[in-house]
2 protein chains.
Amino acid sequence: MTDQTQNAFRALADPTRRDILRMLSAQDMTIAQVSDRFDMTRAAVKKHLTVLSDGGLITVEARGRERINTLNPAGLAPVLNWLEYFDCFWDDRLDALKTAIEKDLQ
Amino acid sequence: MTDQTQNAFRALADPTRRDILRMLSAQDMTIAQVSDRFDMTRAAVKKHLTVLSDGGLITVEARGRERINTLNPAGLAPVLNWLEYFDCFWDDRLDALKTAIEKDLQ
DNA sequence: TTAATGAGATACCATATGGTATCATGTCAA
DNA sequence: TTGACATGATACCATATGGTATCTCATTAA
């Protein structure tokens, strides 16, 4: 398996990082903008962004003295690819899965 | 989101645990059987199985003095549910995603 | 009954992780 | 030029994590 698979799974393992991804899905943000939404220091948020970048889930682009963080949905590919391996089980137990999803949504 | 979401993502974050899930997709296994396939102690494997169980990704059933570990595909539901949030981006960038998946498969 | 065996429980260790504080650097604006 | 500001970098801390060793318990087989 590629290293990206591990890096992506690791990046997704933290709830703060998953929240950041959702925020970035709405709009690109600077580090300061992301930090404003969390009760932690900018340095801590910066660390999370580095992990997300290592996982290929975001891209960072310099714009003057700012750094624009952008969601990179393609970075989820290794994760989806790994999960696809279990598709055959979902065929068998699709009903149970759907029920579980609906329950989780409640 | 439910606690199961966090527990499931955390369980998937370790490569050993992902390997265990793939093994269990082929057949149910006792702790000893799983341990035989890894270069680590039974106690370490047992810890991983506990994390997988906490994440709802496997079920454990006692049979005599053995414990049968079984894959629970439905436990992936919270993960899939979370990932579904990004479906709208995949619509936009489906080609890039497919390319990324194919690249990851190589 | 008595070992042998599969698993659970606990203590312990090294390192990774998530966080802070602090200082340095580059860039924008007056 | 000179601050002010967004970010980078480093050192440091507490706790989580992945691992081992060891002991105990329950069950199976001789």
Side-chain angles (χ1 to χ4, degrees), chain A residues 1 3-24 27-72 79, chain B residues 1 3-24 27-72 79:
Chain A
M1 203 60 46
D3 225 25
Q4 277 307 93
T5 303
Q6 174 54 24
N7 287 341
F9 269 111
R10 165 164 134 62
L12 292 175
D14 185 276
T16 298
R17 289 194 287 266
R18 292 197 303 278
D19 285 346
I20 291 175
L21 288 181
R22 288 219 175 185
M23 289 180 189
L24 294 181
Q27 58 174 341
D28 296 350
M29 299 174 82
T30 65
I31 296 180
Q33 285 175 317
V34 176
S35 306
D36 285 346
R37 306 233 197 152
F38 291 97
D39 187 24
M40 66 180 75
T41 63
R42 181 185 51 75
V45 169
K46 159 67 176 164
K47 280 191 180 182
H48 284 304
L49 290 170
T50 299
V51 174
L52 286 169
S53 177
D54 289 345
L57 301 177
I58 68 170
T59 56
V60 187
E61 189 190 357
R63 194 177 63 191
R65 64 183 160 183
E66 296 181 333
R67 296 292 179 283
I68 310 300
N69 298 275
T70 305
L71 179 69
N72 179 35
V79 173
Chain B
M1 206 57 48
D3 223 30
Q4 277 308 93
T5 303
Q6 174 55 26
N7 287 340
F9 268 111
R10 167 165 132 63
L12 292 176
D14 185 276
T16 298
R17 290 194 287 267
R18 293 198 302 277
D19 286 346
I20 291 175
L21 288 180
R22 287 217 176 188
M23 290 180 188
L24 294 181
Q27 58 173 342
D28 297 350
M29 300 174 82
T30 65
I31 295 179
Q33 285 176 318
V34 177
S35 307
D36 285 347
R37 307 234 196 151
F38 290 97
D39 187 24
M40 66 180 75
T41 63
R42 182 183 53 74
V45 169
K46 158 67 176 164
K47 280 191 181 181
H48 283 304
L49 290 170
T50 299
V51 175
L52 286 169
S53 177
D54 289 347
L57 300 178
I58 67 171
T59 57
V60 187
E61 188 190 358
R63 193 177 64 190
R65 65 183 160 184
E66 296 182 332
R67 296 292 180 281
I68 311 299
N69 298 275
T70 305
L71 178 70
N72 180 35
V79 173

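First the proteins, then the strands, lettered A, B, ... as listed; each starts at 1. Below, all heavy atoms of this structure are taken into account, side chains as well, without hydrogens, waters or symmetry copies.
Note: CD1 (B:I20) to C1' (D:dG18) measures 12 Å, nearest angstrom. One can place NZ of A:K46 at 19 Å from P of C:dA24, the figure rounded to the nearest angstrom. Whole-Å rounding puts the B:L52 CG to D:dT17 C1' distance at 14 Å. The separation between B:Q6 atom CD and D:dT17 atom P is 9 Å, rounded to whole Å. C:dT20 atom C1' lies 17 Å from atom CZ of A:F38, rounded to whole Å. The nearest whole Å value for the distance from the CG atom in B:D19 to the P atom in D:dG18 is 14 Å. Atom pair A:I31:CD1 and D:dT7:C1' shows a separation of 6 Å (rounding to whole Å applied). Remark: C1' of C:dT5 and CD of B:Q33 are 14 Å apart, rounded to the nearest angstrom.
Between B:D19 and B:L21 there is no side-chain heavy-atom pair separated by less than 4.5 Å. Looking only at side-chain heavy atoms (C-beta outward), A:D14 and B:F9 stay at 4.5 Å or farther from each other. Between B:R37 and B:M29, some side-chain heavy-atom pair lies under the 4.5 Å cut-off. The shortest distance between side-chain heavy atoms of B:T30 and B:I68 falls below 4.5 Å.
Note on B:T30: every side-chain N or O is 4.0 Å or more away from OP1 and OP2 of C:dG6. For the OP1/OP2 pair of D:dA16 and a distance below 4.0 Å, the side-chain nitrogens and oxygens of B:R10 include no atom meeting the criterion. Between A:H48 and C:dG19, a side-chain N or O to OP1/OP2 separation shorter than 4.0 Å is present.
Minimum interatomic distance between B:R18 and B:L12 (heavy atoms only, all atoms of both residues): NH1-O, 2.8 Å.
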Please list, for nucleotides 24-30 of chain D, all pairs of protein and nucleotide N/O atoms separated by less than 3.5 Å.
from: D:dT27; atom 1: O2; to: B:R65; atom 2: NH1; distance (Å): 2.9

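Under 3.5 Å, the side chain of B:R42 and the base of C:dA7 form at least one donor-acceptor pair of N or O atoms.
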Using distance only, find each side-chain donor-acceptor pair of residues 44-54 of chain A under 3.5 Å and give its atom names and separation, not counting sequence neighbours.
from: A:H48; atom 1: ND1; to: A:R17; atom 2: NH1; distance (Å): 3.1
from: A:T50; atom 1: OG1; to: A:K46; atom 2: O; distance (Å): 3.0

Please set out all donor-acceptor pairs under 3.5 angstrom arising from side-chain atoms of residues 55-64 of chain B, sequence neighbours excluded.
none

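In this structure, of C:dA21, D:dT7, C:dA7, it is C:dA21 that holds the atom nearest to the side chain of A:T41. For B:K47, taking side-chain heavy atoms from C-beta onward, the closest of the listed nucleotides D:dG19, D:dG18, C:dG6 is D:dG19. Here the nucleotide nearest the side chain of A:D14, chosen from C:dG18, C:dA9, D:dT7, is C:dG18.
In this structure, A:A44 reaches the bases: a heavy-atom distance under 4.0 Å links it to at least one base atom across the strands shown.
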